[in-house]
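Note sheet for the following structure.
Model, not experiment: these values are computed from the prediction. Every chain is numbered from 1, with letters handed out A, B, ... down the list of sequences.
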2 protein chains.
Amino acid sequence: MPENPVKQAIARCREVGLRRTKALEELITTLIEADRPMTLAELASSERLSDQCDKATVYRLLQRLCEHAIIRRLGLHERAAFFTLLQPGKHSDYLICTGCGKIESIKAPCPVHKLEDEIREKTGYRGLYHELEFFGTCPKCA
Amino acid sequence: MPENPVKQAIARCREVGLRRTKALEELITTLIEADRPMTLAELASSERLSDQCDKATVYRLLQRLCEHAIIRRLGLHERAAFFTLLQPGKHSDYLICTGCGKIESIKAPCPVHKLEDEIREKTGYRGLYHELEFFGTCPKCA
DNA sequence: GTAATTGCAAATACTTTGCCACGTA
DNA sequence: TACGTGGCAAAGTATTTGCAATTAC
């Protein structure tokens, strides 16, 4: 039974020593409801957070959550950084339209695990993970 | 016979209608000599370019070259964008240390072409390409 | 000659920090 | 109570643009 993912994420936050604040709850909830990577600006101005707390607060929350590997910061080519919640057992690659900027999750089985293992062995890098993005022009923009 | 890659790249520039300026030559040469993705700031302050032209010029050159798919802008998680020369038949994935920021090219055969083909068919995206990065802590930083 | 390109300076955009007040454990 | 957290405002860093002067074709 997949328990409430918001509660799961907050539990992970508590485990690493973060305090359970209203802002934290709303941030996690927002990320889960959106089910897509979001920018600091988007989050800070979102319904749940805009009148809940300052942008600096969201910024520092994101920072803490990144440090503890509860969320991840993604490149994705925009000027602003994107953040996505890490959920155990879930991994997403992305399909991004270079025209309108639309970002889709690709849930398809990711074909790079084998290469990742090879790299881990050959290079001795620790905590290895990857990010895979496909870029192109979506049918609407074409 | 692999002809001089600088000349090749400049030839491609000419084909798409760009003028052959000193700045263009030095920019291309710098990217090829470095053989790694570079940021606007790095390029603008590089030996070949710093007293050759203004940062705005480099910026606009990079922009034009991107539009014509002669270079590519990469995310790579730093705050600044990275740029890399596209060379026909060459594709690189990257291994990046989250500690010191070192960026290595992975020349290993890239395992995502098949998935890329599937996505092209299923989604109808045009001009599809991908970017694959591995992140971790390098032995030195660990 | 004409349109693309450039330099300089100013404007944006996004991120990051300082400092003191506040709330959670 | 003590220390993590939050608000507000200011600073920092990277990017982007306007406009007149210059240069490649």
Sugar-phosphate, base or nothing in reach of Arg60(B), heavy atoms under 4.0 Å: base
Given DNA chain C, 5'-ward residue of the pair Arg79(B) and Arg79(A), judged by closest heavy atom: Arg79(A)
Ion pair Glu25(A)/Lys7(A), N-O distance below 4.0 Å: no
Interatomic distance, Asp54(B) CG vs dA10(C) C1' [rounded to whole Å]: 13 Å
Under the side-chain contact (heavy atoms from CB on, under 4.5 Å) test, residues paired with Ala56(A) that sit two or more places apart: Asp54(A), Arg60(A)
side-chain contact (heavy atoms from CB on, under 4.5 Å) partners for Thr98(B), two or more places apart: Tyr129(A), Phe135(B), Thr137(B)
Spacing between His77(B) atom NE2 and dT15(C) atom C1', to the nearest angstrom: 16 Å
Results of side chain to side chain donor-acceptor pair (under 3.5 Å) for Tyr59(A) - residues two or more places apart only: Gln63(A)
With Lys102(B) via salt bridge (charged side-chain N to carboxylate O under 4.0 Å, His left out) - residues at least two apart: Glu104(B)
Sidechain N-carboxylate O distance under 4.0 Å for Glu116(A), Arg120(A): yes
Boundaries of the chain B footprint along DNA chain D (any atom under 4.0 Å from a heavy atom): dG12(D) to dC25(D)
Counterpart residues, side-chain contact (heavy atoms from CB on, under 4.5 Å), relative to Lys107(B) (two or more places apart): Asp35(B), Ser92(B), Ser105(B)
Arg73(A) side chain near dC14(C) phosphate (N/O to OP1/OP2, under 4.0 Å): no
Touch class at under 4.0 angstrom, heavy-atom based, for Ala56(A) against every strand present: base
Under 3.5 Å donor-acceptor, Glu42(A) side chain and Thr39(A) backbone: yes
Listed once per pair and sorted, the side chain to side chain donor-acceptor pair (under 3.5 Å) pairs that draw on residues 66-86 of chain B, sequence neighbours left out: Glu131(A)-His77(B)
Strand contacts (DNA chain C) in residues 23-44 of chain B, 4.0 angstrom heavy-atom criterion: Ala23(B)
Residues which pass side-chain contact (heavy atoms from CB on, under 4.5 Å) with Lys90(A), listed by chain and number, not counting sequence neighbours: Gln87(A)
Check the interface with nucleotides 22-25 of chain C: list each N/O to N/O pair with the protein under 3.5 Å, or write none.
unit_1  : atom_1 : unit_2   : atom_2 : d
dG23(C) : N2     : Arg19(A) : NH1    : 2.3
dT24(C) : O2     : Arg19(A) : NH1    : 2.8
dT24(C) : O2     : Arg19(A) : NH2    : 3.4
dA25(C) : OP1    : Arg20(A) : N      : 3.4

Terminal axes of the helix from dG1(C)-dC25(D) to dA25(C)-dT1(D) (five pairs each): angle between them, nearest 10 degrees: 40°
Pairs involving residues 81-112 of chain B, ordered by first then second residue, that meet ring pair (Phe, Tyr, Trp, His ring centres under 6.0 Å) (sequence neighbours left out): His91(B)-His130(B)
